[in-house]
Amino acid sequence: DDDDGAGADLQDFWEKHFKERPFVEWKEFSVLMLMEHAADVRNLTASLAPSVAGHFDVNDDGIVSRKEYNRFLRKYGIEGMQQGLQSAVDASLDNYWRRDIQDRRRTDLT
């Protein structure tokens, strides 16, 4: 019985892959994120990964810092990285479909 399983998961992803590094490139982060979580997170694919980038790379500099990662976990990952990613993917898809309809209308008009 692992009482702090969720807490362990929050730290494990970063510590497992990046150890003490204060930041990593989004490209590296996203590849490992996909390798580890694509099977468990519904709709998480390589093509969708850029749409969740903003949840991790908040200042859009191509780098995910430990601080940005921790901020993501505080916002989405109360139950762990997998649950947090699912929430972020769902939110991104929701925004995508809403935006996509408007984009299609705009394209049809021109």
Side-chain angles (χ1 to χ4, degrees):
D1 186 34
D2 187 8
D3 289 339
D4 67 343
D9 182 41
L10 299 187
Q11 298 306 319
D12 278 352
F13 180 79
W14 190 277
E15 289 171 4
K16 176 180 174 183
H17 297 293
F18 313 122
K19 311 278 187 252
E20 298 300 314
R21 291 162 64 187
F23 56 83
V24 294
E25 288 188 24
W26 163 250
K27 192 179 291 184
E28 180 183 1
F29 183 92
S30 65
V31 165
L32 291 165
M33 175 185 76
L34 285 164
M35 285 171 54
E36 189 149 316
H37 292 290
D40 304 315
V41 175
R42 193 176 59 256
N43 298 318
L44 179 62
T45 61
S47 58
L48 188 71
S51 69
V52 298
H55 293 291
F56 294 99
D57 180 13
V58 177
N59 60 1
D60 198 29
D61 62 355
I63 301 290
V64 178
S65 69
R66 180 70 189 253
K67 193 175 190 177
E68 288 171 315
Y69 174 73
N70 288 342
R71 192 178 304 138
F72 167 83
L73 292 177
R74 279 196 301 277
K75 184 173 181 182
Y76 288 106
I78 294 161
E79 297 175 38
M81 175 69 165
Q82 182 181 324
Q83 184 60 45
L85 264 175
Q86 188 65 70
S87 299
V89 166
D90 291 347
S92 296
L93 277 175
D94 193 40
N95 290 338
Y96 170 79
W97 287 115
R98 262 194 254 129
R99 189 182 63 234
D100 188 50
I101 291 166
Q102 294 166 350
D103 288 346
R104 253 188 273 137
R105 284 187 189 140
R106 231 178 271 123
T107 305
D108 290 344
L109 294 173
T110 54

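Keep in mind it's a predicted model, so treat the numbers as computed, not measured.
If you chain together hydrophobic residues whose side chains sit under 4.5 Å apart, Val58 and Val24 never meet in one group. Residues Leu34 and Trp26 are members of one and the same hydrophobic cluster, defined by side-chain heavy-atom contacts under 4.5 angstrom among Ile, Leu, Val, Met, Phe, Trp and Tyr.
Rounding to the nearest 0.5 angstrom, the gap separating the CG atom in Leu44 from the CE atom in Met33 is 5.0 Å. Atom NZ in Lys27 sits 11.0 Å away from atom CD1 in Ile63 (nearest 0.5 Å). If you take CG on Asn59 and NZ on Lys67, they are separated by 10.5 Å, rounding to the nearest 0.5 Å. Considering CZ of Arg71 and OG of Ser65, their distance stands at 6.5 Å, rounded to 0.5 Å.
Listed by first and then second residue, the salt bridge (Lys or Arg N to Asp or Glu O under 4.0 Å) pairs involving residues 44-60 amount to none (not counting sequence neighbours).
Contact detail for Trp14 and Val64: the closest heavy-atom pair is CH2-O, 3.5 Å. Among all heavy-atom pairs drawn from Phe72 and Ala88, the shortest one is CE1-CB, 3.9 Å.
Contacts of Thr45 classified as side chain to side chain contact (heavy atoms under 4.5 Å, CB included), with partners at least two apart in sequence or in another chain: Ser47, Leu48. Among residues two or more places apart in sequence or in another chain, the salt bridge (charged side-chain N to carboxylate O under 4.0 Å, His left out) test is passed with Arg21 by Glu28.
Proximity of Phe13 to Phe18: side-chain heavy atoms (C-beta onward) are separated by under 4.5 Å at one or more points. Side chains of Val89 and Arg42 form no contact here, defined as non-hydrogen atoms less than 4.5 Å apart. Residues Phe56 and Leu85 have side chains in contact (heavy-atom distance under 4.5 Å, counting atoms from C-beta outward). Asp90 has its side chain within reach of Gln86: a pair of non-hydrogen atoms, C-beta onward, lies under 4.5 Å apart. Two residues are said to be in side-chain contact when any heavy atoms from C-beta on lie closer than 4.5 Å; His55 and Glu68 fail this criterion.
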side-chain contact (heavy atoms from CB on, under 4.5 Å) assessment of Gln82 paired with Glu36:
CA-CA 9 Å; Gln82 182 181 324; Glu36 189 149 316; over 6 Å; no

Run the ring-ring contact (aromatic ring centres under 6.0 Å, His included) check on His17 and Phe29 step by step: do they pass?
CA-CA 9 Å; His17 297 293; Phe29 183 92; 8.8 Å; no

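Using a 4.0 Å cut-off between charged side-chain N and carboxylate O, Arg66 and Glu20 make no salt bridge.
Counting non-hydrogen atoms of neighbouring residues, nucleotides and ligands closer than 6.0 angstrom, the CZ atom of Phe23 reaches no more than 12 such neighbours.
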